[in-house]
Novice: 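Quick one: structure below, then a few questions.
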Amino acid sequence: MAYWLMKSEPETFGIEHLKARGTALWDGVRNYQARNFLRQMAVGDEALFYHSNTKVPGIVGQMTISRAGYPDPTQFDPHHKYYDPKSTLDNPRWTGVDVKFGEIWSKQLPLEQLRLMPELESLALVRRGNRLSLMPVSPAEWQAIMKKHQSL
DNA sequence: GCCAACGTTGGC
DNA sequence: GCCAACGTTGGC
């Protein structure tokens, strides 16, 4: 089982939306590095839900991967903002996964605090200029984050 | 295959 | 709202 961190803008799709829906397609990833990580995800993997581009960015809760990678349907829809005319049905370019709501943390763990944790210095999230929207989290990083979360 | 121009991400 | 950093596009 692997661990992941996945970013989303709360105004577009926040953890409250996932809670209401229960399960949702994680769509709209249009970056090859992130897509390759999506393709590595397996059912049962655990993921941190991160709110980006908001007043206090940070980890706000947890979810699990409930369906492994499959073609992101939004790439085929000409009316959708994630439409990709270069993608074809028999050779889809972009991948999505299904995620299942886990929990909303009673206190979020802000980016500002994550930056202070020496255990996370190699995590892409805190690296200068990194814009990767989802990334693997090592077991050691996961444990450090959970420990910090429980101490809040 | 280089690289300038452009668009996007996302913290601040 | 600003802008640094980065990825992508397309001319050559």
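Naming convention: chains lettered A, B, ... in sequence-line order (proteins, then strands); numbering from 1 in each chain.
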Novice: Quick check on B:dT9: is either OP1 or OP2 less than 4.0 Å from any side-chain nitrogen or oxygen of A:K7?
Specialist: no
Novice: Using whole Å, report how far OH of A:Y82 lies from P of B:dG7.
Specialist: 19 Å
Novice: Between A:R93 and A:N53, which residue's closest nucleotide on DNA chain C lies nearer the 5′ terminus?
Specialist: A:N53
Novice: With a 4.5 Å limit on heavy-atom distance, are the side chains of A:P136 and A:F37 in contact?
Specialist: yes
Novice: Tell me which nucleotide among B:dG10, C:dT8, B:dG11 gets nearest to the side chain of A:L111.
Specialist: B:dG11
Novice: When you get a sec, tell me which of B:dC12, C:dT8, B:dG10 is the closest nucleotide to the side chain of A:Y32?
Specialist: C:dT8
Novice: Rounded to whole angstroms, how far apart are CD1 on A:I59 and P on B:dG11?
Specialist: 12 Å
Novice: I need the single residue from A:N31, A:L125, A:L38 that forms a side-chain contact (heavy atoms from CB on, under 4.5 Å) with A:L134. Which is it?
Specialist: A:L38
Novice: For A:V137 and A:W4, what are the C-alpha separation, side-chain angles and deciding distance, and is it a side-chain contact (heavy atoms from CB on, under 4.5 Å)?
Specialist: CA-CA 5 Å; A:V137 175; A:W4 306 94; 5.6 Å; no
Novice: Could you tell me which residues satisfy side-chain contact (heavy atoms from CB on, under 4.5 Å) with A:P92, sequence neighbours excluded, listed by chain and number?
Specialist: A:P71, A:Q75, A:F76, A:S87
Novice: Given Watson-Crick or G-U pairs with both distances under 3.5 Å, what dot-bracket string fits DNA chain C, with | for other-strand pairs and [ ] for crossing?
Specialist: ||||||||||||
Novice: Return the value, rounded to whole Å, for the distance between atom CD of A:Q33 and atom C1' of C:dT8.
Specialist: 14 Å
Novice: Among B:dC12, C:dG7, B:dG10, which nucleotide sits nearest the side chain of A:N31?
Specialist: C:dG7
Novice: Take A:L18 and A:M63 through the side-chain contact (heavy atoms from CB on, under 4.5 Å) test and state the conclusion after the steps.
Specialist: CA-CA 9 Å; A:L18 181 57; A:M63 57 195 169; 3.6 Å; yes
Novice: Round to the nearest Å and state the distance from A:H51 atom NE2 to B:dC12 atom P.
Specialist: 17 Å
Novice: May I ask you to say what A:R30 touches in the nucleic acid, namely base, sugar-phosphate or nothing, with a heavy-atom cut-off under 4.0 Å?
Specialist: nothing
Novice: Looking only at side-chain N and O atoms, does A:R30 offer a donor or acceptor that is under 3.5 Å from a partner on A:S133?
Specialist: no
Novice: Contacts to DNA chain C from residues 125-137 of chain A, heavy-atom cutoff under 4.0 Å, which residues?
Specialist: A:R128, A:G129, A:R131
Novice: Strictly by modelled atom types, are A:Q62 and A:W105 linked by a side-chain donor-acceptor pair under 3.5 Å?
Specialist: yes
Novice: Taking atom types as modelled, find out whether A:D98 and A:W26 have a side-chain donor-acceptor pair closer than 3.5 angstrom.
Specialist: no
Novice: Between the side chains of A:R35 and A:T95, does any donor sit under 3.5 Å from an acceptor?
Specialist: no
Novice: Within the structure shown, what part of the strands sits under 4.0 Å from A:K86 by heavy-atom distance: base, sugar-phosphate, or nothing?
Specialist: sugar-phosphate
Novice: Compare side-chain N and O positions of A:Y50 against OP1 and OP2 of B:dG11 and report whether any pair is under 4.0 Å apart.
Specialist: yes
